[in-house]
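Treat the numbers as computed from the prediction; the structure is a model and nothing was measured.
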Amino acid sequence: MGVTCVSQMPVAEGKNVQQTVELLTRKLEMLGAEKQGTFCVDCETYHTAASTLGSQGQAGKLMYVMHNSEYPLSCFALFENGPCLIADTNFDVLMVKLKGFFQSAKASKIETRGTRYQYCDFLVKVGTVTMGPSARGISVEVEYGPCVVANDCWNLLLEFLQSFLGSHIPGAPAVFGNRHDAVYSPADTMVQYMELFNKIRKQQQVPVSGIR
């Protein structure tokens with residue numbers, strides 16, 4: 001894989017989530033991008049079980065268990081302000097056995113689904129972010145395949161993002177600064193999705209009609 005930027009696209013004025021997604025995909029197709037199947041990224045939140053916190057008033061920690069259709073044999077466990085563990089898909093079974101330590105937060109499942117597009121060396125994924133039956137936002141992921149060092153290709157990614165996002169181009173992801181000149185990894189992409197999902201969870205907006 002190459003270097004990836006994950007961002008949120010605001011809903012266009014006078015449009016809903018579905019209509020905004022269609023506007024974006026039309027722009028991509030006009031640029032010459034070709035459909036390359038679909039994608040899905042999901043995330044479920046777990047919190048430290050109360051029985052493990054003791055009586056010292058300790059704050060519970062959060063862990064996010066995530067899946068990405070680009071890596072169908074892997075499961076990602078991201079700790080709040082901590083490392084990212086990459087395991088095989090049996091990790092989901094392990095979480096059931098660890099319910100005495102980590103418990104699934106009620107109604108915490110959030111995911112994004114949509115279409116993959118290939119344009120020259122760029123892989124673009126535009127998805128609808130949903131929680132339960134409600135569409136809550138739009139995710140845009142752009143990967144530049146030939147490069148594996150974020151600092152070497154951010155300007156190129158930015159230029160491409162501007163070609164179809166217009167004035168809504170994002171700033172450099174925080175993970176880029178943390179990586180400096182290190183080789184970019186799938187875990188860096190999952191950290192960006194975790195941050196995007198948490199941002200959307202916190203946004204106080206009226207849910208748009210669900211799209212599946």
Side-chain angles (χ1 to χ4, degrees), residues 1-9 28 33 36-46 61-95 98 102 108-127 129 137-162 165 169-201:
M1 68 167 294
V3 175
T4 299
C5 172
V6 178
S7 62
Q8 181 183 5
M9 177 68 182
L28 282 169
Q36 296 283 339
T38 59
F39 80 97
C40 176
V41 178
D42 65 59
C43 175
E44 189 159 357
T45 305
Y46 290 81
K61 290 189 175 183
L62 297 178
M63 180 172 69
Y64 305 92
V65 177
M66 305 180 69
H67 305 89
N68 188 330
S69 57
E70 293 292 310
Y71 310 101
L73 300 180
S74 297
C75 179
F76 300 83
L78 292 83
F79 292 88
E80 187 178 28
N81 302 318
C84 173
L85 169 70
I86 303 176
D88 62 30
T89 49
N90 288 333
F91 189 81
D92 292 308
V93 178
L94 180 62
M95 289 306 298
L98 291 176
F102 285 98
S108 69
K109 183 75 175 286
I110 185 170
E111 67 177 27
T112 182
R113 290 178 179 270
T115 306
R116 301 164 83 252
Y117 286 88
Q118 188 75 43
Y119 176 73
C120 300
D121 290 326
F122 295 96
L123 179 63
V124 186
K125 301 171 191 172
V126 179
V129 181
I138 302 161
S139 67
V140 177
E141 175 189 336
V142 176
E143 176 186 333
Y144 180 61
C147 187
V148 293
V149 178
N151 288 346
D152 289 349
C153 64
W154 170 241
N155 287 337
L156 189 60
L157 273 169
L158 198 60
E159 186 177 337
F160 177 68
L161 283 163
Q162 197 167 19
L165 295 184
I169 53 174
V175 72
F176 281 20
N178 298 336
R179 301 297 288 162
H180 297 294
D181 295 323
V183 173
Y184 190 89
S185 73
D188 297 323
T189 298
M190 301 312 288
V191 168
Q192 292 186 64
Y193 269 110
M194 178 192 73
E195 292 171 348
L196 172 69
F197 289 156
N198 283 340
K199 178 183 175 183
I200 289 175
R201 280 193 186 101

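- Annotation: the span from Arg201 atom CZ to Leu196 atom CG amounts to 10.0 Å, rounded to 0.5 Å.
- Residues Arg113 and Thr38 form no side-chain contact, since every pair of their non-hydrogen atoms from C-beta on lies 4.5 Å or further apart.
- Considering only residues two or more places apart in sequence or on other chains, Asp42 meets the side-chain hydrogen bond (donor to acceptor under 3.5 Å, both in side chains) condition with His67.
- Nearest approach of Cys75 to Val65, heavy atoms of both residues: SG-CG1, 3.5 Å.
- With sequence neighbours excluded, no residue satisfies ring-ring contact (aromatic ring centres under 6.0 Å, His included) with Phe39.
- Note on ring orientation: taking the six-membered ring where Trp is involved, the planes of Phe160 and Tyr119 are parallel (angle under 30°, cut-offs 30° and 60°).
- Residue Ile169 comes nearest to Leu161 through the heavy atom pair CG2-C, 3.8 Å, listed as atom of the first residue, atom of the second, then distance.
- What you find for Asn198 and Tyr64 is that their closest heavy atoms are ND2-OH, 3.3 Å.
- The distance from atom OG1 of Thr189 to atom CD of Gln192, rounded to the nearest 0.5 Å, is 6.0 Å.
- Taking Gln118 as the reference, Gln36, Leu123 meet the side chain to side chain contact (heavy atoms under 4.5 Å, CB included) condition, with sequence neighbours excluded.
- With sequence neighbours excluded, the residues forming a side chain to side chain contact (heavy atoms under 4.5 Å, CB included) with Glu195 are Val191, listed by chain and number.
- Each salt bridge (charged side-chain N to carboxylate O under 4.0 Å, His left out) pair with one or both residues in residues 141-150, not counting sequence neighbours, appears once here: Lys125-Glu141.
- Partners of Ile86 according to the side chain to side chain contact (heavy atoms under 4.5 Å, CB included) rule, which considers only residues two or more places apart in sequence or in another chain, are Ser74, Phe76, Cys84, Ala187.
- Here Leu157 contributes atom CG and Asp152 contributes atom CG; the two are 11.5 Å apart, rounded to the nearest 0.5 Å.
- Interatomic distance, Glu70 CD to Met190 CE, rounded to the nearest 0.5 Å: 10.5 Å.
- Here CG of Asp188 is found 12.5 Å from SG of Cys5. Values are rounded to the nearest 0.5 Å.
- By the 4.5 Å heavy-atom criterion applied to side chains, Pro186 and Tyr71 are counted as neighbours.
- A distance of 12.5 Å separates CG in Asn151 from OH in Tyr184, rounded to the nearest 0.5 Å.
- In terms of the side-chain hydrogen bond (donor to acceptor under 3.5 Å, both in side chains) criterion, residue partners of Thr112 (sequence neighbours excluded) are, by chain and number, Ser139.
- For the pair Pro173 and Trp154, the tightest heavy-atom approach, listed with the atom from each and the gap, is CD-CZ3, 4.0 Å.
- Under the side chain to side chain contact (heavy atoms under 4.5 Å, CB included) criterion, Ser108 pairs with Glu44, Thr45, Ser104, Ala105, sequence neighbours left out.
- Shortest non-hydrogen contact noted between Val126 and Leu28 is CG2-CD1, 3.8 Å.
- In terms of the ring-ring contact (aromatic ring centres under 6.0 Å, His included) criterion, residue partners of Tyr144 (sequence neighbours excluded) are, by chain and number, Phe122.
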